Amino acid sequence: MADPPVIIWEREVEHLLHYRELIPRVEDALGKFSSRNSAEVIQPVRTAVPLQKHNGFLGVMPTYMENDGVLCTKLVCFYKRQSGSTLPATQATVVLLDPEYGNVKAVMDGEVITGMRTAAASAISAKLLMSPHAEVLAILGTGKQALSHYNAFTEMFSFKEVRVWSSSGQRAERFRSSVSGPVTVCVSVEEAVRGADAIVTVTRCTEPVLFGQWVKPGAHVAAVGACRPNWRELDDVLMKEAVVYADSREGAMAESGDIILSGAEVFAELGEVINGTKPAHREKTTMFKSLGMGVEDAVSAELVFDRWKATTSHS
């Protein structure tokens with residue numbers, strides 16, 4: 001008889017998951033995904049079920065890693081909320097299964113996992129594509145993803161200045177007071193990104209907010225918002241100037257409005273750079289389009305479960 005599923009909620013996931021262990025696992029997973037070896041990763045493009053009445057979608061993200069013995073799926077609901085809504089924009093749950101028996105091993109909060117694995121992938125893109133002399137980081141947006149990206153980027157790199165912009169000055173101030181290090185709050189996107197070496201876009205915008213004319217040549221942009229084919233954060237000028245990288249080429253062509261509507265070409269997947277099959281054009285303006293992948297959730301969930309087992313076996 002299989003054990004009943006373990007339930008690991010938000011606080012505990014936060015306690016068990018750390019960037020220093022997660023980032024190498026996500027990097028390894030991105031490389032395995034781009035190797036296109038079905039024994040490494042089987043991951044169909046996310047299925048999106050429209051929740052029309054609630055202005056949202058249910059995304060289902062299954063992944064099987066045969067060589068690693070990991071079977072996982074994430075269920076994520078994401079919504080386009082009215083400004084000032086108190087309802088969450090996303091809710092995610094990750095389910096870890098036993099690939100041999102088919103039973104559920106663990107059900108865990110997916111919000112912390114989503115925030116951290118997404119920031120980990122963006123930080124890996126910066127490690128590979130950002131100028132090694134980067135000094136200024138700009139974050140557009142002040143939600144959960146902004147916070148996780150702030151934490152991952154400041155842990156991995158030493159920036160001299162971190163700037164933040166939000167469409168609400170109040171949210172920007174709240175963000176500044178919630179983080180550990182110094183942050184400059186900017187009143188406009190242009191002010192935030194002028195001269196920045198790395199730019200993270202984690203907004204809820206559906207029309208472009210970041211314009212190529214403001215971005216310094218050689219900057220690296222990690223674009224995380226706008227995860228629907230008709231939503232955008234970046235303008236055509238930036239999309240055409242930048243060398244575009246993605247987590248999944250197939251995912252980007254199906255879901256990224258920035259790529260689809262600008263007609264920009266995806267030069268490489270991040271995993272191809274990790275595997276050494278495609279170059280990292282650090283000297284050019286680069287853009288990493290992150291849509292998030294099931295394999296990132298799978299390795300994160302496996303790490304949480306391993307850490308959970310290790311801590312419970314001692315107590």
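Remember, predicted model here, so these are calculated numbers, not experimental data.
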Using a 3.5 Å distance criterion without hydrogens, assess whether the side chain of Arg174 forms a donor-acceptor pair with backbone atoms of Thr142.
no
Taken in chain and number order and not counting sequence neighbours, the residues that satisfy ring pair (Phe, Tyr, Trp, His ring centres under 6.0 Å) with Phe267 are Tyr245, His281
What residues join Val45 in its hydrophobic cluster, counting side-chain heavy atom gaps under 4.5 Å, either direct or through other members?
none
Are Thr90 and Tyr79 packed together at the side-chain level, in the sense that at least one heavy-atom pair is separated by less than 4.5 angstrom?
no
List the atom pairs, donor and acceptor, that lie under 3.5 Å between side-chain atoms in residues 14-25 and the rest of the protein, sequence neighbours left out.
residue: His18; atom: NE2; partner: His15; partner atom: O; Å: 3.1
residue: Tyr19; atom: OH; partner: Ser148; partner atom: O; Å: 3.1
residue: Glu21; atom: OE1; partner: Arg307; partner atom: NE; Å: 3.4

Given 3.5 Å as the limit, does a donor-acceptor pair link the side chain of Thr63 with the main chain of Val295, or not?
yes
Which residues share a side chain to side chain contact (heavy atoms under 4.5 Å, CB included) with Arg228, sequence neighbours left out
Ala48, Phe57, Phe78, Asn230, Trp231, Glu255
Can you tell me if Asp258 uses its side chain to pair, donor with acceptor, with the backbone of Leu234 under 3.5 Å?
yes
Would you say the side-chain atoms of Glu296 and Thr118 include a donor-acceptor pair closer than 3.5 Å?
no
Side chains of His220 and Ser125, heavy atoms from C-beta outward: is any pair under 4.5 Å?
yes
Qualifying side-chain hydrogen bond (donor to acceptor under 3.5 Å, both in side chains) pairs, either residue in residues 126-136, two or more places apart
Glu27-Lys127, Glu135-Lys160
Donor-acceptor pair, Ser168 side chain versus Arg171 backbone, under 3.5 Å?
yes
Looking at Ala254 and Pro229, what are the two nearest heavy atoms and their distance?
O-CG, 3.7 Å
Please check if any side-chain donor atom of Glu272 sits under 3.5 Å from a side-chain acceptor atom of Ser34, or the reverse.
no
Regarding Thr285 and Glu241, is there a side-chain donor-to-acceptor distance under 3.5 Å anywhere?
no
When you check the gap from the basic side-chain N to the acidic O, do Lys144 and Glu111 get nearer than 4.0 Å?
yes
Would you name the heavy atoms of Val94 and Gly110 that are closest together and state the gap between them?
CG2-CA, 3.9 Å
For Leu291, the rest of its hydrophobic cluster, which grows through side-chain links under 4.5 angstrom:
none
Is it the case that the side chain of Gln43 and the backbone of Gly294 share a donor-acceptor pair, with hydrogens and angles ignored and the cut-off at 3.5 Å?
yes
Intermediate values then yes/no, salt bridge (Lys or Arg N to Asp or Glu O under 4.0 Å), Arg11 and Asp109:
CA-CA 9 Å; Arg11 279 234 173 100; Asp109 173 80; over 6 Å; no
Would you check if Thr114 and Lys74 make a side-chain contact, meaning some heavy-atom pair closer than 4.5 Å?
yes
Between Lys289 and Asp247 (salt bridge meaning N to carboxylate O under 4.0 Å), is one present in this structure?
no
Is a donor on one side and an acceptor on the other found under 3.5 Å between the side chain of Arg282 and the backbone of Met130?
yes
Linking directly or through intermediates, with side-chain heavy atoms under 4.5 Å: list the remaining ILVMFWY members grouped with Val136, chain and number order.
none
Which pair of heavy atoms, one from Thr73 and one from Leu97, lies closest together, and at what distance?
N-CD1, 4.5 Å
Under the rule for side chain to side chain donor-acceptor pair (under 3.5 Å), what residues qualify as partners of Glu12, not counting sequence neighbours?
Trp308
Over all heavy atoms of both residues, which pair between Ser122 and His149 is shortest? Give the atoms and the distance, please.
OG-NE2, 2.8 Å
Hits for side chain to side chain donor-acceptor pair (under 3.5 Å) against Asp98, two or more places apart or cross-chain, chain-then-number order -> none
Nearest heavy atoms of Leu96 and Ala301, plus distance in Å:
CD2-O, 3.9 Å
Could you verify whether a donor N or O on one side chain and an acceptor N or O on the other, from Ser38 and Glu66, lie under 3.5 Å apart?
no
Sorted by first residue and then second, give each ring pair (Phe, Tyr, Trp, His ring centres under 6.0 Å) pair with at least one member in residues 187-212; sequence neighbours left out.
Phe211-Trp214
Partner set under side chain to side chain contact (heavy atoms under 4.5 Å, CB included) for Asp3, not counting sequence neighbours
none
Counting N and O atoms only, with roles assigned by atom type, does the side chain of Arg249 sit under 3.5 Å from a partner on the main chain of Ala246, one being a donor and the other an acceptor?
no
Is the side chain of Arg163 donor-acceptor paired with the backbone N or O of Ala138 at a distance under 3.5 Å, no angle test?
no
Whichever hydrophobic residues join Val237 through chains of side-chain contacts under 4.5 Å:
none
To check you understand the geometry: which heavy-atom pair defines the closest contact between Leu270 and Ala121, and what is its length?
CD2-O, 3.8 Å
Check Asp68, Asn275, Asn37 against Lys32 for a side chain to side chain donor-acceptor pair (under 3.5 Å) and give me the one that passes.
Asp68
